[in-house]
Engineer: 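First, the structure itself, so that you have it in front of you.
Bear in mind that the values here come from a model prediction, so they are computed numbers and not experimental data.
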Amino acid sequence: MIHDILIFVGYFDWVVIFILIFLNIKYWNSDKYISGCLLLPTFGLVLPILSIIMEFAINSPKKGEVFDSFTMLYVYFRFPLYWILFLIQYMILKIRG
């Protein structure tokens with residue numbers, strides 16, 4: 001079950017998740033915290049598109065390899081993944097107050 005869900009998370013996504021956790025821990029009691037207005041464009045568009053670009057760069061077809069349109073269809077699940085991360089981060093910011 002967990003393996004089926006984690007198969008949609010790439011290396012770039014793990015790096016972003018660990019950086020987000022690190023920044024939340026580091027700046028929890030600090031006044032230097034990222035504004036909530038930066039979250040929506042970052043998690044809504046920028047990070048999913050960067051993640052898709054990275055995934056295509058890593059898994060691009062080799063010469064002579066068959067590459068159909070369904071091979072990389074799973075990368076579109078990056079948008080809901082980052083939308084969920086956005087909601088979690090938004091709740092963390094609201095709890096922090």
Engineer: Kindly compute the distance separating CG (Asp13) from CZ (Phe77), expressed to the nearest 0.5 Å.
Structural biologist: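 It comes to 13.5 Å.
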Engineer: What pairs with Ile53 under side-chain contact (heavy atoms from CB on, under 4.5 Å), at least two apart in sequence or on another chain?
Structural biologist: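 Ile49.
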Engineer: If I take atom CG from residue Leu47 and atom CD1 from residue Ile52, how far apart are they, to the nearest 0.5 angstrom?
Structural biologist: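 That separation rounds to 11.5 Å.
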Engineer: Could you pull out all residues at least two apart from Leu50 that satisfy side-chain contact (heavy atoms from CB on, under 4.5 Å)?
Structural biologist: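 side-chain contact (heavy atoms from CB on, under 4.5 Å) list for Leu50, sorted by chain: Phe12, Val46.
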Engineer: Please identify each residue that fulfils side-chain contact (heavy atoms from CB on, under 4.5 Å) with Ile17, with sequence neighbours left out.
Structural biologist: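 Expected list: Trp14, Ile21, Leu85.
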Engineer: Just how far is it from atom CD1 of Ile88 to atom CZ of Phe43, taken to the nearest 0.5 Å?
Structural biologist: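 The distance works out to 9.5 Å.
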Engineer: Could you tell me the separation between the OG atom of Ser51 and the CZ atom of Phe79, rounded to the nearest 0.5 Å?
Structural biologist: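 With rounding to 0.5 Å, OG (Ser51) is 9.0 Å from CZ (Phe79).
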Engineer: Output every pair passing salt bridge (charged side-chain N to carboxylate O under 4.0 Å, His left out) with a member in residues 40-54, not counting sequence neighbours, ordered by first then second residue.
Structural biologist: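 For residues 40-54: none.
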Engineer: State which residues pass side-chain contact (heavy atoms from CB on, under 4.5 Å) with Tyr11; sequence neighbours excluded, sorted by chain then number.
Structural biologist: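 Result, side-chain contact (heavy atoms from CB on, under 4.5 Å) vs Tyr11: Ile58.
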Engineer: State, yes or no, whether a side-chain contact exists between Phe86 and Leu81 at a heavy-atom distance under 4.5 Å.
Structural biologist: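 SC-SC contact between Phe86 and Leu81 ruled out.
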Engineer: Which residues pass the ring pair (Phe, Tyr, Trp, His ring centres under 6.0 Å) test with Phe56, sequence neighbours left out?
Structural biologist: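 By the ring pair (Phe, Tyr, Trp, His ring centres under 6.0 Å) rule, Phe56 matches no residue at all.
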Engineer: Can you run down the salt bridge (charged side-chain N to carboxylate O under 4.0 Å, His left out) pairs that involve residues 44-58, sequence neighbours left out, and say none if there aren't any?
Structural biologist: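 Of all non-adjacent pairs touching residues 44-58, those that pass salt bridge (charged side-chain N to carboxylate O under 4.0 Å, His left out) are Glu55-Arg78.
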